[in-house]
Amino acid sequence: MTKITDRETRQHNIRVRIESDTDLVSARHAGRMLAEQAGFTSSELTLIATAISELARNIIEYANFGEIHLELVQNGSARGIRIVARDAGPGIGNIEQALRGGFSTSGGLGLGLAGVRHIMDNFDVESNVGAGTCVTVTKWKL
Amino acid sequence: MTKITDRETRQHNIRVRIESDTDLVSARHAGRMLAEQAGFTSSELTLIATAISELARNIIEYANFGEIHLELVQNGSARGIRIVARDAGPGIGNIEQALRGGFSTSGGLGLGLAGVRHIMDNFDVESNVGAGTCVTVTKWKL
Amino acid sequence: MAVPILKQSNYLIATIQSALTDQDFVQLRDALVDKVGRFRSRGVIVDVTAIDVLDSFASRTLRDLAYMIRLRGAHTVIVGIQPDVAFAMVQLGITLADVSTALDLEEGLAFLDDVGAET
Amino acid sequence: MAVPILKQSNYLIATIQSALTDQDFVQLRDALVDKVGRFRSRGVIVDVTAIDVLDSFASRTLRDLAYMIRLRGAHTVIVGIQPDVAFAMVQLGITLADVSTALDLEEGLAFLDDVGAET
Ligand SMILES: Nc1ncnc2c1ncn2[C@@H]1O[C@H](COP(=O)(O)OP(=O)(O)O)[C@@H](O)[C@H]1O
Ligand SMILES: Nc1ncnc2c1ncn2[C@@H]1O[C@H](COP(=O)(O)OP(=O)(O)O)[C@@H](O)[C@H]1O
């Protein structure tokens, strides 16, 4: 990962350490601020904040702590926001099952990952049992 | 299984033989008493008693008799209570289905196992058809 | 542990006084369904204030009781579910959605009067 | 961030004023379930107008709150879910299908009066 100084990151790039439920509120807030810069509509901002909330909660719930990395991205003329949720927790044993929706190992609604996938445009999970989980999602501004 | 004398077990360890519905009330009561020692809140005590009730009823319902073993456990500074419900009954053919919730082979609500899993922090079922079932659950004091 | 059932004008009031076995719950259900007929009662109150666990069996039996009594033309209201018990029930997935509930005996009586069960 | 809970005749009104943590939601649930008993309230309104995200945890806690309060004999109505929030909830797969909702506080009060919670 490239090291980025604070000043450079101000506008395009925010890292939020996730280890308590107040961090979850901060991450949501940071994502909303950043996405606003990319010109997302208020409705899209809410989707983005909701996705961040679900991913950050999974970090706390399953891995105790981790990080949310928010980044403005560009693809040709398209602008978007990328959210990377990374932890070094237990990992997901069966990713297909975890994405199916309605499946939960914790008594949750199990809507989180399936819902986030639905809300966002790109969705990718990398997870190794015992090593951790990294969920990368992107929402493009249409 | 290690043999433990009565005196030693008084505080940390209770076995309740389950063969009638009055044993179910005793097991609930014993679990509540033991969990109280670990400092669980009144709301958590009720969850624990409810979980014991569901597991003990499954023993009577499906295996006729069996045992509930209640134990105070420690993990670092965390204290908890472990409930082991063991029987030598018919076993569970399809564990995934039995855990899904809303599934019942006996006309029950089928909330038992799924509900217990939701209520407790750790949940494990071992079952072999024709050999019996052992459900181990743990609740940690936060 | 038989549950005392009190007849008060058109109502029957069953006050559970300590933990019940499954068998006790079934007996309570059957006794109430029977007595509603014998006393021509219009309303039934089951007071569970003293109960510290309402698991899936107990909840199902209470629900069946309410349905059976409805089929006999009377109303049932469950009163006194304690906060901890309500929490455990909901965590277990039990909502008793189509059974009437009230805070306590007094509210239960008011409820039955409201639904016109008193006349 | 404690949520102020107002008692207005037979109702309790909880007005969420800013983003809540998960813990805040759980505390709100428990406070309302407790106060319904202490004040003998017949209806509860949770005003989420100020909330910009209702994710799966918040929604589940609101649903549990409504179920628990029902088991205690009172009605709950969630008011003020904003259009953007409603959109995100539905996209996420959350419908709060068996929880009562109303447009705003005024409609929420009217709803409670309608279901006869006022007396
Ligand atoms: N960061 C993570 N680390 C480990 N397991 C995870 C993580 N995120 C999700 N999971 C697994 O995927 C399942 C589905 O997650 P989700 O859809 O968010 O629903 P819920 O959290 O309500 O169970 C979880 O029950 C859990 O087993
Ligand atoms: N101890 C047991 N022995 C054999 N089968 C069991 C046992 N416990 C649960 N089961 C099976 O798992 C299913 C689901 O159990 P549960 O969720 O408790 O619901 P219910 O008892 O209401 O059916 C049961 O219908 C039964 O088939």
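Letters go in sequence order (proteins before strands), and every chain restarts at 1. What's counted below: heavy atoms across the whole structure, side chains too, no hydrogens, waters or symmetry copies.
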Value for CG (Asp21(A)) from CZ (Phe25(D)), rounded to nearest 0.5 Å, stands at 11.0 Å
Non-hydrogen side-chain atoms of Ile119(A) and Leu92(D) separated by less than 4.5 Å: yes
Residues Gln82(D), Thr46(A); criterion side-chain contact (heavy atoms from CB on, under 4.5 Å); working and verdict: CA-CA 10 Å; Gln82(D) 295 302 299; Thr46(A) 302; over 6 Å; no
Are Leu47(A) and Gln91(D) close enough that some pair of their side-chain heavy atoms sits under 4.5 Å apart? yes
Verify the neighbour count for atom CD of Gln74(A): are there more than 12 heavy atoms of other residues, nucleotides or ligands below 6.0 Å? yes
Which residues in residues 49-57 of chain A have any heavy atom lying under 4.5 Å from a heavy atom of chain D? Ala49(A), Thr50(A), Ser53(A), Glu54(A), Arg57(A)
Roughly how far, to the nearest 0.5 Å, is OG of Ser56(D) from CG of Leu113(A)? 9.5 Å
Glu126(A) atom CD: more than 12 heavy-atom contacts under 6.0 Å: no
Residues at least two apart in sequence or cross-chain that pass side-chain hydrogen bond (donor to acceptor under 3.5 Å, both in side chains) with Asp124(A), listed by chain then number, are none
Taking every non-hydrogen atom, the tightest pair across Leu20(D) and Val25(A): O-CG2, 3.9 Å
For chain D, which candidate among Arg117(A), Glu44(A), Arg28(A), His29(A) shows the most heavy-atom pairs at distances under 4.5 Å? Arg28(A)
If we only count heavy atoms from C-beta on, is the Asp22(D) to Leu24(A) side-chain gap below 4.5 Å? yes
